[in-house]
Amino acid sequence: MNQDHNLPYAAGTALPTSSPMVRQTNLSLVLRHLRDNACQSRADIAEVTGLHRATVSNLVSQLVDRRLVQEVDTEHVGAIGRPRRPLALHGAHIGALGLEINVDHISVHGSDLGGRVLVERRVGFDAIAGGPDRALRVLGRTALEAVEAMERAEAVPAGLGVAVPGLVDVARGVVTFAPNLGWRDLPLAERLSASLGPWSVPVAVDNDANLAAVAEHTSGVAAGTPHLVYLTGDVGVGGGIFVDGKLLRGADGFSGEVGHLPVDPGGARCGCGRHGCWETKVGLAALVRTAMPDRAYQPAEPSTSDPEEYATEIARGLAAGDHRMMDAVARVGRWLGLGGSILANLFNPRVIVVGGYFATLAEWLLPHAQAELERLVVAGSANQCRFVASDLGFGAASRGAASMVVNRLIDHPTMIMDPPPRLSVI
């Protein structure tokens, strides 16, 4: 077999045979290796990938010409000081844009192909009022404003990823059910693409917890951990699950709806219409009801409902020794540990990474959660799974949405050999 075809395909899978397909596959292989590894020489890449050195040199030349890869400072190896020229992922002119829309905010994260952050912000927004039509208009306008900011940094986004709190048909870009937004069967990718005018790029949609889990697995506190669960900490509670280093999607792509685990059949009504879902016990609204009864959480009022502001206020109260808040956080912590034990017993992860307000209050919340987890877990030794707090903040999902774009670009590098035209936002 030609070494150029010695690629990481599953046994029994037909290998690409046409020249354009082989070229794309090999370009992707080199880019992926440089993304996952620090500076590597051409010889290093050839040794790991199994490609001929001449093939690697040709591929690298194409990638350098297109500014997707760059040579860095020369190193010397071997007894006689033989020089080698390490390579690194570059792509400073190619951008990836990620958006998250939630009940009360829109988050934005834009980066270049090498991971340089170009734009990052979060704004309060009532995604329920006015229905999906208004939400899509605002989302499109936010995307175009982010494009303008990225262009000022001399990078043109070559794709857009959107994170949504609900069930998503990823292949079609359709939000099938987002209970907290009140959306059903919304063709988000198609409609958002139509609202972007002359900026014609691929739009991908996925569940917010899945994308936040991708960000955590790529660059978070437990990066690279093959068995990982991520939990959002917002109005709703979603989960992203990694098993053997791969995101678990399920038969229809709907895995991870952990917030709707039935933990208390006689409990409060959930946004999904059922009673006693886990998120009614550990979602931000549940905490605020008991920790700050005079300030009920109102996600329909974005000017007064920023989840980060609520979490920060509760953290100040906890630091000052507010007994009501301490009791409320302990109660939520125990429920968090109970649900975490179910996930630990099902998936046997090494870590359960918590984001959003869970991470903000981790100092007070996680000891209760960990104790309950260890009391209830039976899948292996109780101390082999632990809760850890994310350090990506409330923007993990938008960061993951941008990572999704980067992954697709690396998988299909010929898509980015010529970036889309620059766009001026009026």
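This structure is a prediction, so every number in the text was calculated from the model and none was measured.
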Peer 1: Do F358 and L284 have side chains that approach each other closer than 4.5 Å (heavy atoms only, starting at C-beta)?
Peer 2: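 Of all side-chain heavy-atom pairs linking L284 with F358, none is under 4.5 Å.
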
Peer 1: Do the side-chain N and O atoms of H93 and D112 include a donor-acceptor pair separated by under 3.5 angstrom?
Peer 2: no

Peer 1: Any side-chain heavy atom of V354 within less than 4.5 Å of one from V388?
Peer 2: no

Peer 1: Restricting to non-hydrogen atoms, name the atom on L97 and the atom on G110 that form the minimum distance, rounded to 0.1 Å.
Peer 2: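 In this case the closest contact between L97 and G110 is CD1-CA, 4.2 Å.
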
Peer 1: Atom CD1 of I128 and atom CG of N180: how far apart are they, to the nearest 0.5 Å?
Peer 2: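 It comes to 7.5 Å.
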
Peer 1: Is there side-chain contact between R350 and L228, with heavy atoms separated by less than 4.5 Å?
Peer 2: no

Peer 1: For L248, does its backbone N or O pair with a side-chain atom of S255 as donor and acceptor, under 3.5 Å?
Peer 2: yes

Peer 1: For a 4.5 angstrom cut-off between non-hydrogen side-chain atoms, does L51 reach L59?
Peer 2: yes

Peer 1: Within the structure provided, determine whether T360 and I314 are in side-chain contact (heavy-atom separation under 4.5 Å).
Peer 2: no

Peer 1: Is a side-chain donor or acceptor of T232 paired with a backbone partner of G238 at a separation under 3.5 angstrom?
Peer 2: yes

Peer 1: Please confirm whether the backbone N or O of A209 pairs with a side-chain atom of N207, one donor and one acceptor, at under 3.5 Å?
Peer 2: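 Here the side-chain-to-backbone pair exists.
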
Peer 1: Are L188 and L136 packed together at the side-chain level, in the sense that at least one heavy-atom pair is separated by less than 4.5 angstrom?
Peer 2: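 SC-SC contact between L188 and L136 confirmed.
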
Peer 1: Just checking, any donor-acceptor pair under 3.5 angstrom between side chains of S341 and E372?
Peer 2: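 No, because no side-chain N or O of S341 sits under 3.5 Å from a partner of the opposite role on E372.
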
Peer 1: Going by distance alone, is a donor N or O of one side chain under 3.5 Å from an acceptor N or O of the other, for R35 and N407?
Peer 2: yes

Peer 1: Would you indicate whether the side-chain heavy atoms of E279 and H260 approach each other to under 4.5 Å?
Peer 2: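 Yes, their side chains come closer than 4.5 Å.
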
Peer 1: Would you confirm whether the ring centroid of H217 sits within less than 6.0 angstrom of the ring centroid of F242?
Peer 2: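 Between F242 and H217, the centre distance is under 6.0 Å.
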
Peer 1: Looking at V378, is its backbone amide N or carbonyl O close enough to the side chain of N345 to form a donor-acceptor pair, meaning the two atoms are under 3.5 Å apart?
Peer 2: yes

Peer 1: Assess the residue pair R324 and D327 against the criterion (salt bridge (charged side-chain N to carboxylate O under 4.0 Å, His left out)); give the C-alpha distance rounded to whole Å, side-chain angles, the decisive distance to 0.1 Å, and a yes or no.
Peer 2: CA-CA 5 Å; R324 183 195 296 272; D327 290 343; over 6 Å; no

Peer 1: What side-chain donor-acceptor pairs closer than 3.5 Å can you find for residues 391-405, not counting sequence neighbours?
Peer 2:
from : atom 1 : to   : atom 2 : distance (Å)
S398 : OG     : G395 : O      : 3.0
S403 : OG     : R399 : O      : 3.2

Peer 1: Does the pair R334 and V329 meet the rule for a side-chain contact (heavy atoms from CB on, under 4.5 Å), with working shown?
Peer 2: CA-CA 9 Å; R334 289 190 292 270; V329 167; over 6 Å; no

Peer 1: Are any side-chain N or O atoms of D44 and backbone N or O atoms of S41, one a donor and one an acceptor, separated by less than 3.5 Å?
Peer 2: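 Checked: pair present.
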
Peer 1: Considering only heavy atoms from C-beta outward, does the side chain of L373 approach that of C385 to under 4.5 Å?
Peer 2: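 Counting from C-beta outward, L373 and C385 do come under 4.5 Å.
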
Peer 1: If we ignore angles and hydrogens, is there a donor and acceptor under 3.5 Å between the side chains of Q24 and N26?
Peer 2: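 No, because no side-chain N or O of Q24 sits under 3.5 Å from a partner of the opposite role on N26.
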
